[in-house]
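This report concerns only the one structure given below.
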Amino acid sequence: METALPSLAIIGGTGKEGAGLALRWAHKGYPVIIGSRDAERAAQKAAELNAQLGIQSVRGMVNAEAAAAAQIIVLSVPYTAHAETIAAIKAAAQGKLLIDVTVPINAADYRTVYVPEGKSACVEAQALLGDSVKVVAAFQNVSAVHLKKLDHNIDCDVLVCGDDADAKAQVIALIEAIGMRGIDAGALMNAVAVEALTPVLLYINGRYKVKGAGIRITGLPLSDHA
Ligand SMILES: NC(=O)c1ccc[n+]([C@@H]2O[C@H](COP(=O)([O-])OP(=O)(O)OC[C@H]3O[C@@H](n4cnc5c(N)ncnc54)[C@H](OP(=O)(O)O)[C@@H]3O)[C@@H](O)[C@H]2O)c1
């Protein structure tokens with residue numbers, strides 16, 4: 001018997017990165033709920049994705065309802081909105097897996113690494129949410145430019161950090177489902193380095209006039225997604 005695919009709430013799913021992930025997972029049959037601060041915006045983005053994919057399964061809800069309705073939560077908001085968004089979904093997130101995509105960025109100098117007070121957005125999320133939530137870091141180095149082009153293979157590995165091995169394995173399966181290689185990159189504290197790579201990639205984008213520079217880890221056996 002086939003196991004049902006887990007439902008995913010994309011908090012901040014009206015934005016560039018969240019909508020790109022939502023598109024990719026919905027395309028592969030995952031039940032996706034777009035979360036927004038505004039129910040109308042969530043519904044509009046869900047309708048847009050359904051129209052693009054020729055499906056009707058994507059739903060839109062305000063963030064707390066989306067987090068409550070899904071089995072797995074994906075958090076993809078600007079760092080400036082990170083703590084307030086976590087407060088809005090904290091009750092609904094208890095006991096669940098939360099994938100944090102957020103990158104601390106200093107808007108005044110987004111091409112230089114910015115280390116926040118709690119060292120990493122993901123580490124801060126874990127502290128704010130409490131131990132019953134399994135926070136896993138992923139996708140910080142994957143540009144939305146690639147995610148939105150469905151016919152396009154994404155030339156980027158996804159480093160996965162977290163303190164729970166089962167949660168990381170679930171996230172790696174979600175990454176592989178959308179055609180990328182997920183690599184176990186250790187403890188949640190290692191998200192400090194993964195998040196910090198993003199401003200480096202943004203610098204490289206500007207310096208070499210490209211969009212969506214990414215990363216590859218060498219020295220690993222090649223998988224189907226490499
Ligand atoms: N874009 C990329 O290529 C990329 C790549 C890797 C990682 N990331 C990271 O992923 C996260 C999301 O990036 P993004 O490019 O998708 O961001 P975005 O488009 O600017 O925003 C994502 C969503 O966050 C929500 N949000 C909640 N509070 C907000 C506030 N105070 N101000 C503005 N928006 C707010 C908005 O949804 P509602 O208004 O509907 O609530 C918005 O649509 C960021 O932390 C970013 O650093 C982005």
Side-chain angles (χ1 to χ4, degrees), residues 8 10-12 17-18 20-21 72-83 85-86 89-90 93 96-106 109-144 146-147 154-205 212-223 225-226:
L8 303 165
I10 319 287
I11 308 302
E17 185 78 359
L21 289 168
I72 296 175
I73 301 167
V74 180
L75 178 58
S76 179
V77 295
Y79 180 70
T80 48
H82 188 244
T85 308
I86 286 174
I89 61 168
K90 181 173 177 173
K96 294 184 180 176
L97 162 56
L98 181 140
I99 304 170
D100 199 348
V101 179
T102 306
V103 176
I105 296 272
N106 171 9
D109 185 9
Y110 63 94
R111 290 174 173 153
T112 298
V113 173
Y114 168 64
V115 181
E117 214 175 294
K119 297 192 170 68
S120 127
C122 290
V123 171
E124 290 177 342
Q126 186 69 75
L128 291 166
L129 288 162
D131 290 344
S132 98
V133 181
K134 292 170 182 165
V135 176
V136 173
F139 299 109
Q140 284 83 358
N141 310 138
V142 181
S143 169
H146 300 302
L147 290 169
I154 301 177
D155 187 16
C156 186
D157 286 329
V158 184
L159 299 179
V160 179
C161 307
D163 294 334
D164 184 286
D166 289 343
K168 280 194 285 189
Q170 280 185 72
V171 175
I172 289 172
L174 284 170
I175 294 164
E176 290 183 345
I178 54 175
M180 284 181 278
R181 185 169 70 161
I183 297 175
D184 182 349
L188 192 65
M189 187 55 81
N190 288 356
V192 173
V194 177
E195 292 172 19
L197 269 177
T198 303
V200 176
L201 294 171
L202 293 172
Y203 175 84
I204 291 168
N205 283 344
I215 58 150
R216 281 286 188 209
I217 300 300
T218 61
L220 286 175
L222 293 180
S223 78
H225 307 294

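When a residue number appears, it is its place in the shown sequence, counting from 1. No experiment lies behind these values; they were computed from the predicted model shown.
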To the nearest 0.5 Å, tell me how far [X] [atom1] sits from [Y] [atom2].
X: Ile183; Y: Asp157; atom1: CD1; atom2: CG; value: 4.0 Å
X: Asp100; Y: His82; atom1: CG; atom2: NE2; value: 3.5 Å
X: Lys90; Y: Leu128; atom1: NZ; atom2: CG; value: 7.0 Å
X: Ile72; Y: Gln170; atom1: CD1; atom2: CD; value: 5.0 Å
X: Asn106; Y: Thr80; atom1: CG; atom2: OG1; value: 11.0 Å
X: Leu75; Y: Cys122; atom1: CG; atom2: SG; value: 8.5 Å

- request: Test Ile86 against Glu124 for side chain to side chain contact (heavy atoms under 4.5 Å, CB included), laying out the working first.
  value: CA-CA 10 Å; Ile86 286 174; Glu124 290 177 342; over 6 Å; no

[Y] backbone acceptor or donor facing [X] side chain under 3.5 Å:
X: Lys168; Y: Gly186; value: yes
X: Glu17; Y: Ser76; value: no
X: Gln140; Y: Val194; value: no

message: Run the side chain to side chain donor-acceptor pair (under 3.5 Å) test on His146 and Asp155 for me, step by step, so that the C-alpha distance in whole Å, both residues' side-chain angles and the decisive distance to 0.1 Å come before the verdict.
response: CA-CA 9 Å; His146 300 302; Asp155 187 16; over 6 Å; no

- prompt: Glu195 and Ser120: side chain to side chain donor-acceptor pair (under 3.5 Å), yes or no, with the steps?
  reply: CA-CA 7 Å; Glu195 292 172 19; Ser120 127; 3.0 Å; yes

Is the shortest side-chain heavy-atom distance between [X] and [Y] below 4.5 Å?
X: Leu98; Y: Ile11; value: no
X: Ile175; Y: Phe139; value: yes
X: Asp164; Y: Leu97; value: no
X: Ile99; Y: Leu174; value: yes

message: Walk me through whether Tyr79 and Thr102 qualify under side chain to side chain contact (heavy atoms under 4.5 Å, CB included).
response: CA-CA 6 Å; Tyr79 180 70; Thr102 306; 4.1 Å; yes

Exercise: identify the closest heavy-atom pair between [X] and [Y]:
X: Asn205; Y: Gly212; value: OD1-N, 3.3 Å
X: Ile172; Y: Gly182; value: CG2-O, 3.9 Å
X: Ala138; Y: Val158; value: CB-CG1, 4.0 Å

- request: Start with the C-alpha distance between Leu21 and Ile178, add both sets of side-chain angles, then the distance that settles side chain to side chain contact (heavy atoms under 4.5 Å, CB included), and finish with yes or no.
  value: CA-CA 9 Å; Leu21 289 168; Ile178 54 175; 4.3 Å; yes

field: Verdict with reasoning, Leu147 to Met180, per side chain to side chain contact (heavy atoms under 4.5 Å, CB included)
entry: CA-CA 11 Å; Leu147 290 169; Met180 284 181 278; 4.2 Å; yes

More than 12 heavy atoms from other groups under 6.0 Å of NZ on Lys134: no

Enclosure of Tyr203 OH (heavy-atom neighbours >12, cutoff 6.0 Å): no

field: Residue of the set Asp184, Val123, Asn190, Val192 for which side-chain contact (heavy atoms from CB on, under 4.5 Å) holds with Cys161
entry: Asn190

